[in-house]
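Residue indices begin at 1 and follow the sequence shown.
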Amino acid sequence: MEMYLMKKVVPIELLLLGALRFLGRGWTIDDLEEQTMISQETHRKFLHVYLSWGSTVFYQKHVYLPTSEGIAESSYEYTIAGFPGCIGSQDATHVGMLRCQYRLKQYHDSFKLAMPSRT
């Protein structure tokens, strides 16, 4: 790590990689600290900023409704397969929540996991 004005500079690439591992692989913040030698608190703060940015700025830039041309193109294969009117399918990953607030537990109970989860 480089020194700048007597503060340690944390490589943004490691924080981003950590955020993706946290979201995609289910790593804990403790796992991220062990693998990157960056404190849990730094990872936690970055995750909050990254998730907020991703759910607003990144989402608005890259997620959009399909055009009528795109819908026709997508529905063609589904129609041939016997699903007329279908334009797509999706999958989700259930991520267990180890520290779900008790008052919110009923909203996150899942039949797929033995603990509260988010998709």
Colleague: Which of these, Asp31, Thr28, Ile29, sits in a side chain to side chain contact (heavy atoms under 4.5 Å, CB included) with Gln40?
Modeller: Ile29
Colleague: Give the minimum heavy-atom separation between Ile87 and Ser75, together with the two atoms involved.
Modeller: CG2-CB, 4.1 Å
Colleague: Do you reckon Tyr64 sits in the same ILVMFWY cluster as Trp53, going by side-chain contacts under 4.5 Å, direct or chained?
Modeller: no
Colleague: Treat each ILVMFWY residue as a node, draw an edge where side-chain heavy atoms are under 4.5 Å apart, and state whether Val57 and Leu51 are in one component.
Modeller: yes
Colleague: Could you tell me which non-hydrogen atom of Gly85 sits nearest to which non-hydrogen atom of Thr79, and how far apart they are?
Modeller: N-OG1, 4.4 Å
Colleague: Does Leu20 belong to the same Ile/Leu/Val/Met/Phe/Trp/Tyr cluster as Val63, with side-chain heavy atoms less than 4.5 Å apart forming each link?
Modeller: no
Colleague: What's the spacing between Phe46 CZ and Leu16 CG if we round to 0.5 Å?
Modeller: 5.5 Å
Colleague: Quick one: CD1 on Ile38 to CG on Leu17, what's the gap to the nearest 0.5 Å?
Modeller: 9.5 Å
Colleague: Do Ile71 and Tyr78 share a hydrophobic cluster (ILVMFWY, side-chain heavy atoms under 4.5 Å, transitive)?
Modeller: no
Colleague: Spell out, yes or no, whether Leu14 and Ile12 are grouped together once hydrophobic residues are joined by side-chain heavy atoms under 4.5 Å, including indirect joins.
Modeller: yes
Colleague: Starting at CG of Leu15, measure out to OH of Tyr50 and round the result to the nearest 0.5 Å.
Modeller: 11.5 Å
Colleague: Step through the shown structure and confirm whether more than 12 heavy atoms of other residues, nucleotides or ligands are within 6.0 Å of CD on Glu69.
Modeller: no
Colleague: Calculate, to the nearest 0.5 Å, the distance between atoms CD and CD belonging to Glu41 and Glu33 respectively.
Modeller: 10.5 Å
Colleague: Which atom names give the shortest non-hydrogen contact between Phe22 and Trp27, and what distance separates them?
Modeller: CD1-O, 3.1 Å
Colleague: Apply salt bridge (charged side-chain N to carboxylate O under 4.0 Å, His left out) to Arg21 and list each qualifying residue two or more places apart in sequence or on a separate chain.
Modeller: none
Colleague: Measure the spacing between OG of Ser68 and CD of Glu73 and express it to the nearest 0.5 Å.
Modeller: 11.5 Å
Colleague: For a quick test of reading the model, state the closest non-hydrogen atom pair linking Thr36 to His43 and the distance between them.
Modeller: OG1-NE2, 2.9 Å
